[in-house]
Amino acid sequence: MEKRTKLYEGKAKILYETDDPNLLIQYFKDAATAFNALKKGTIVNKGILNNQISSFIFQLLEREGVKTHYVQTLNEREMLVKRLKIFPLEVVVRNILAGSLAKKFNLEEGRTLPFPILEFYYKDDSLGDPLIIEDHIRAFGWAAPQELEQIKQMTLKVNQILSAFLLAKGILLVDFKLEFGAHQGEILLGDEFTPDGSRLWDAQTGEKMDKDRFRRDLGKVEEAYQEVCRRITG
Ligand code: UDP
């Protein structure tokens with residue numbers, strides 16, 4: 001597989017074209033940002049760990065019948081993925097109250113929600129990824145009604161699979177963000193699943209094992225990513 005021109009560089013990843021128009025190479029960087037890139041830093045070897053974690057999770061999801069963009073892991077920092085026409089949506093699932101939802105209602109983090117809460121954000125950095133409702137998605141054509149239905153079903157299935165899998169590894173899946181895209185008429189899970197885009201708490205101690213350690217200057221950031229990788233792949 002030949003790596004060609006850079007297609008897109010984001011905050012934590014780079015996408016390259018390949019000699020196959022249907023396939024892209026996704027490169028994982030060490031760069032870390034938070035608060036819509038107001039806070040910038042580096043988490044040493046994050047790219048390597050996130051590539052490993054995401055590769056493992058996407059293979060697990062494929063085995064469980066969730067279609068993803070994952071094709072294969074190429075090397076330490078790169079995975080081969082199917083080219084997607086990405087829906088401009090960030091789909092967030094919350095199992096335990098934390099982050100922006102706790103802040104919005106001035107509630108303490110940590111209570112288990114009575115059911116998984118699904119939220120949609122419009123993917124636009126210049127707008128700060130605003131929270132949107134399903135009517136916005138339909139009215140502005142960001143996804144068709146049946147596409148949205150499928151995205152919701154896939155998201156809830158991913159939540160079931162990963163909540164159970166991670167709990168068996170001693171990790172609570174507090175919340176996470178997914179992105180989806182269309183490829184040759186199919187909806188596939190895209191982007192990544194990593195501690196950058198999820199909240200993972202140690203099931204015994206409640207200790208944070210995700211990007212909140214970076215966002216909130218809690219220290220031991222690299223160690224947390226390493227431990228997540230070790231538990232998930234071990
Ligand atoms: N999230 C993400 N990208 C974003 C916003 C949120 O990956 O642009 C993830 C975040 O890591 C967390 C979940 O989505 O696991 C819910 O995030 P929240 O709305 O609480 O926002 P935060 O306070 O993390 O900015």
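Counting convention: from 1, in listed order, for ligands and their atoms alike.
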* Determine whether the aromatic ring centres of Phe193 and Phe58 lie less than 6.0 Å apart. =>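 So the answer is no for these two rings.
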* Between Trp142 and Tyr122, does the ring centre distance come in under 6.0 Å? ->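 Here the rings of Tyr122 and Trp142 have centres that are less than 6.0 Å from each other.
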* Hey, is atom 4 (C) of ligand 1 under 4.0 Å from any protein heavy atom? ->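 Under the 4.0 Å cut-off, atom 4 (C) of ligand 1 does have protein heavy-atom neighbours.
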* Asked: atom 23 (O) of ligand 1: which of Arg199, Arg216, Lys211, Arg215 has the nearest heavy atom?
  ->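 Nearest option to atom 23 (O) of ligand 1, by heavy atoms: Arg199.
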Ligand-residue contact atoms, ligand 1 with [X], heavy atoms, under 4.0 Å:
X: Tyr121; value: 19 (O)
X: Asp129; value: 8 (O)
X: Asp196; value: 11 (O)
X: Gly99; value: 20 (O), 23 (O)
X: Ser198; value: 11 (O), 15 (O)

* Go through the steps for Lys13 and Tyr8 under the test side-chain contact (heavy atoms from CB on, under 4.5 Å), then give the verdict. => CA-CA 9 Å; Lys13 294 192 296 295; Tyr8 170 80; over 6 Å; no
* **Test applied, salt bridge (Lys or Arg N to Asp or Glu O under 4.0 Å); reference residue, Lys177; option that passes from Asp196, Asp191, Asp210** =>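 Testing each of Asp196, Asp191, Asp210 against Lys177, the sole residue satisfying salt bridge (Lys or Arg N to Asp or Glu O under 4.0 Å) is Asp191.
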Only pairs under 3.5 Å count here: list side-chain donor-acceptor contacts from residues 108-115, not counting sequence neighbours, and write none if there are none.
residue: Glu109; atom: OE1; partner: Arg216; partner atom: NH1; Å: 3.0
residue: Glu109; atom: OE2; partner: Gly99; partner atom: N; Å: 2.7
residue: Glu109; atom: OE2; partner: Arg216; partner atom: NH2; Å: 2.9

* Lys39 to Phe214, cation-pi by 6.0 Å centre distance and 45° axis angle ->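 Lys39 over Phe214 ring: yes.
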* Relative to ligand 1, is Glu90 under 4.0 angstrom through side chain, backbone, both or neither, heavy atoms considered? ->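 The side chain, only.
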Shortest protein contact, [atom] (heavy atom only):
atom: atom 13 (C) of ligand 1; answer: Asp175 OD1, 3.5 Å
atom: atom 2 (C) of ligand 1; answer: Lys177 CE, 3.5 Å
atom: atom 18 (P) of ligand 1; answer: Ser100 OG, 3.3 Å

* Asked: Short question: side chain of Glu62, backbone of Thr68 - any donor-acceptor pair under 3.5 Å?
  ->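 Yes, because the side chain of Glu62 sits within donor-acceptor range (under 3.5 Å) of the backbone of Thr68.
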* Should Glu78 and Lys3 count as an ion pair when the cut-off is N to O under 4.0 Å? ->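 Counted as a salt bridge, because a side-chain N and a carboxylate O are separated by less than 4.0 Å.
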* Among the heavy atoms of Arg94, does any lie under 4.0 Å from an atom of ligand 1? ->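 In this structure, Arg94 qualifies as a contact of ligand 1 - some heavy atom is under 4.0 Å.
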